[in-house]
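A short write-up of the structure that comes next.
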Amino acid sequence: MPELNAADIDEPDHAPAQMNGSGMRLVILGKQGAGKGTQAERLAQYVGVPRISTGDMFRTAVRSGSEWGMQAAAFMDGGELVPDDVVVGMVTERLAQDDVQKRGFVLDGFPRSVAQAEALDRIADPELVISLEVPTEMVLKRLAGRRTCEVCGTNYGPDNPPGDDSICDVCGGKVVQREDDTEAAISRRLQVYEERTAPLVAWYLASDRLAAVDGTGTPDLVTKRLLRAIENRLPR
Ligand code: AMP
C-alpha cells in the first residue's frame, strides 16, 4: 500500500489512497477561530469522509425556520451551547446515514462537553481526536475580522477576502458577519469553551485518542501537520 505523504496537499485532486474508504472516524477540537471549519473541510476531502459541522447544521435549521432551529437560535446568538440532548439527537440521526456508515466522518464542533463525548462513544467511538491549538489572542484577532458565507459556511478574513466583495467564491452565497461573531458573544463563547469543551482534551488523552496539533501558520501548513498526525495513527 502506498505511504501517505503529507506533501500530497499540493495536489488537491490526489487524495491519499491509503486513507480513502478506510472509514476513518475523526474529531477536531479547538477554540472558536482556531480554523476547525477550514481544516475539517480539507481533511474531509483528503481523507474521503463527510464533514459534519453541528454549527452549520444549526445555522441551516435556523434559516429554514424549523423547530430545532428556533430552539437553537436563542442559545447560539448569546454564545451559549445548545442543550446536550438536542445536539446529541441531531448528531445521532446524522451518523446513522449511509455515507457515514460507509466512509466514517470528521466531526467539527461536536462534542463540546463531556456528556456529548460520552454519547459519541456510545454511537460511533472516534479513533482520533485532534486538538487544534491556537493562542487566545490570535483567535480573537481572527474572529474580529471573520466573514462567513451564509449558505455554505466558507470563512473569509482580511488576508483572504472573497474575490467579489461580499459574494462567496465557492457557492455565490452572501458573505456576512456571523450573528455570534460580535465581541460580547465571542468572549462568552471562549469562556464556554474553557469551561465545557477544553476538559475534553484531557478526557481523550486519557484514552490515548488525542493528537495535539499546532494551529498557527498558513492553512496549508496546518493541513500538512494534521495529515502527518493522522498518518502517525495509521496502522503500519
Ligand atoms: P460553531 O459554528 O461550531 O461555532 O457553532 C455555532 C453555535 O452553534 C455554537 O456557539 C453553539 O451555540 C451551537 N453549537 C454548535 N455545536 C454545538 C454543540 N456540539 N453543542 C452545543 N451547541 C453547539
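What you see below is based on every heavy atom in this structure, not just the backbone, and it leaves out hydrogens, waters and symmetry mates. Counting starts at 1 for both ligands and their atoms, following the listed order.
Residues satisfying the side chain to side chain donor-acceptor pair (under 3.5 Å) criterion with R59, sequence neighbours excluded, are D56.
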For this session: Output, in order, the C-alpha distance, side-chain angles, deciding distance and verdict of salt bridge (Lys or Arg N to Asp or Glu O under 4.0 Å) for R42 and D220.
Result: CA-CA 10 Å; R42 286 169 171 225; D220 282 358; 2.8 Å; yes

Exercise. Taking it one step at a time, do D181 and R189 satisfy salt bridge (Lys or Arg N to Asp or Glu O under 4.0 Å)?
Worked result: CA-CA 9 Å; D181 274 350; R189 281 155 71 211; 3.0 Å; yes

For this session: Any chance you could lay out the side-chain contact (heavy atoms from CB on, under 4.5 Å) test for V192 and E80, step after step, and finish with the verdict?
Result: CA-CA 7 Å; V192 169; E80 302 294 335; 4.1 Å; yes

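For residues 169-179, the side-chain hydrogen bond (donor to acceptor under 3.5 Å, both in side chains) pairs, not counting sequence neighbours, are R178-D180.
Each of T54, G55, F58, R59, M76, E80, L81, V82, V87, G109, F110, R112, Q116, R178, D180, R189 has a non-hydrogen atom positioned under 4.0 Å from some atom of ligand 1.
Other members of the cluster containing V170 are Y156, V175, with ILVMFWY side chains joined at under 4.5 Å, either directly or via other members.
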